[in-house]
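A quick note: this is a predicted structure, and the numbers were derived from the prediction, not measured.
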Amino acid sequence: MTKRHVSLPPEAEEGVDAFITEVDQRLSSDEDICAVVQDVLVDLFGDREAYERWQSGKPVSAATRVRLQGYDPCNATLESEYYAEKDEQAFEKSKYLQWLWRQFDATPMADNVAFALRFRSMLAEHLFESVGENCRFFKGISFTYGHNISVGDNTVIHDDVHLDDRGRLTIGDRVSISDSAHLYSHDHDIVDQTAVENFHTIVDDDARVTYDAMVTAGARVGKNSVVGAKSIVRGDVPDHHIAVGSPAKSVKIKPGWEDVAEPLEAGGENHKAERRIDYDLPDDLDVFDEFERDVTPPSKSAQNSQ
């Protein structure tokens with residue numbers, strides 16, 4: 001689709017460029033990341049006066065203190081912080097950057113597309129395992145960690161997409177992930193939901209995952225393929241296929257690619273086991289089971305009592 005080139009007025013462009021460059025340089029330096037994130041958020045939320053008053057020892061309300069403390073990611077916790085198998089060293093940095101990304105999206109400036117896309121693209125270079133050129137990340141994208149995500153060139157990820165990289169997530173070149181889509185890389189045991197397995201999930205070059213679709217852990221969305229709206233991908237979508245439904249089924253090959261594509265019946269093959277990512281837990285881990293359920297089937301309980 002042909003699009004228009006849109007630019008900010010010169011004075012606004014100068015300010016945007018100066019701000020993004022400054023944050024990028026600070027994140028690339030030896031400066032404490034928590035301090036950088038806190039400083040940036042204090043200014044983005046227009047809270048510098050209250051922050052300086054608090055720092056000088058003047059009284060502030062309890063609510064104001066909590067708000068000001070919350071700009072520092074060292075004073076926050078994320079859901080993924082509780083995951084036992086995470087890489088603690090990698091997560092320490094990614095947590096701080098993820099906090100900046102999330103809180104930025106809560107500011108009015110997050111709706112200024114010309115500014116926000118460039119700011120998130122800069123953050124992605126610090127947060128993701130790798131990110132290509134000319135990527136566009138829209139508002140409300142969430143991650144598990146961020147550091148297990150690889151994104152190619154010229155990819156666009158739209159509003160409210162969830163990128164679960166508890167395992168590993170690879171997104172290729174020129175990919176389009178539409179609004180509210182979810183890409184997963186971990187799965188739970190159907191009996192003991194505290195037992196988690198991680199996988200490598202792939203959305204390959206030129207693929208399109210459309211509105212509110214879900215790609216489950218360990219699946220591959222093939223090159224130049226399409227996943228229809230609200231579909232759930234449980235097996236692989238071959239290159240050049242169009243898959244729809246729940247579970248998603250290949251229903252058509254893109255016109256013009258029939259000679260190079262696998263037949264329709266090849267769609268849905270499950271290669272999840274091949275993409276499993278094993279992990280080890282520390283021997284001294286203090287295990288926390290939030291459910292505390294008895295997962296022993298009734299038949300087993302009866303056998304044990306005899």
Heavy-atom count check: over 12 atoms from other residues, nucleotides or ligands less than 6.0 Å from [X] [atom1]?
X: Lys252; atom1: NZ; answer: no
X: Arg208; atom1: CZ; answer: no
X: Lys249; atom1: NZ; answer: no
X: Arg65; atom1: CZ; answer: no
X: Leu281; atom1: CG; answer: yes
X: Glu13; atom1: CD; answer: yes
X: Glu79; atom1: CD; answer: no
X: Arg118; atom1: CZ; answer: yes

Please round to the nearest 0.5 Å and tell me the distance separating atom [atom1] of [X] and atom [atom2] of [Y].
X: Lys95; Y: Ile33; atom1: NZ; atom2: CD1; result: 12.5 Å
X: Leu169; Y: Ser185; atom1: CG; atom2: OG; result: 6.0 Å
X: Gln103; Y: Leu44; atom1: CD; atom2: CG; result: 10.5 Å
X: Met122; Y: Leu27; atom1: CE; atom2: CG; result: 6.0 Å
X: Cys74; Y: Gln38; atom1: SG; atom2: CD; result: 8.5 Å
X: Thr64; Y: Leu68; atom1: OG1; atom2: CG; result: 6.5 Å

Looking at [Y] and [X], is any side-chain nitrogen of the basic one under 4.0 Å from a carboxylate oxygen of the acidic one?
X: Arg220; Y: Asp236; result: no
X: Lys86; Y: Asp165; result: no
X: Lys139; Y: Asp160; result: no
X: Asp87; Y: Lys93; result: no
X: Arg276; Y: Glu274; result: no
X: Asp204; Y: Arg174; result: no
X: Asp206; Y: Lys223; result: no

Item checked: Shortest non-hydrogen separation from Phe137 to Val131 and the atoms involved ->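 Where Phe137 meets Val131 most closely, the heavy atoms are CZ-CG2, 3.9 Å.
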
Determine yes or no for a side-chain-to-main-chain donor-acceptor pair under 3.5 angstrom, with [X] supplying the side chain and [Y] the backbone.
X: Thr201; Y: Gly218; value: yes
X: Ser56; Y: Glu52; value: yes
X: Asp32; Y: Ala35; value: yes

Check: Between Phe143 and Trp101, does the ring centroid distance fall short of 6.0 Å?
Finding: yes

Notebook entry, point to check: Mind checking whether Phe115 and Phe104 have ring centres under 6.0 Å apart?
Noted result: yes

Check: Considering the options Ile253, Val251, Ile242, which one meets the side chain to side chain contact (heavy atoms under 4.5 Å, CB included) requirement together with Leu264?
Finding: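 Result for side chain to side chain contact (heavy atoms under 4.5 Å, CB included) with Leu264: Ile253.
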
Next item on the list: Could you point out which residue of Ile232, Asp164, Val233 forms a side chain to side chain contact (heavy atoms under 4.5 Å, CB included) with Thr216?
Entry: Ile232

Item checked: Row check, Tyr145 ring normal vs Arg166 NZ/CZ: under 6.0 Å, within 45° -> no

Item checked: Lys272 to Phe199, cation-pi by 6.0 Å centre distance and 45° axis angle -> yes

Next item on the list: Taking the side chain as every heavy atom from C-beta outward, state whether Ser225 and Lys254 have any atom pair closer than 4.5 Å.
Entry: no

Next item on the list: Taking the side chain as every heavy atom from C-beta outward, state whether Trp54 and Gln69 have any pair of such atoms under 4.5 Å apart.
Entry: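 Contact flag for Trp54/Gln69 side chains = yes.
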
Note to self: Parallel, tilted or perpendicular: which one describes the rings of Phe119 and Phe19, with boundaries at 30° and 60°?
What the structure shows: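 Parallel, since the angle between the ring planes stays under 30°.
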
Notebook entry, point to check: What orientation do Phe91 and His147 show, parallel under 30°, tilted 30 to 60°, or perpendicular over 60°?
Noted result: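 It falls in the perpendicular class, over 60°.
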
Do you reckon [X] sits in the same ILVMFWY cluster as [Y], going by side-chain contacts under 4.5 Å, direct or chained?
X: Leu78; Y: Leu97; answer: yes
X: Ile141; Y: Leu41; answer: yes
X: Val209; Y: Ile202; answer: no
X: Phe45; Y: Leu100; answer: yes
X: Val215; Y: Val226; answer: no

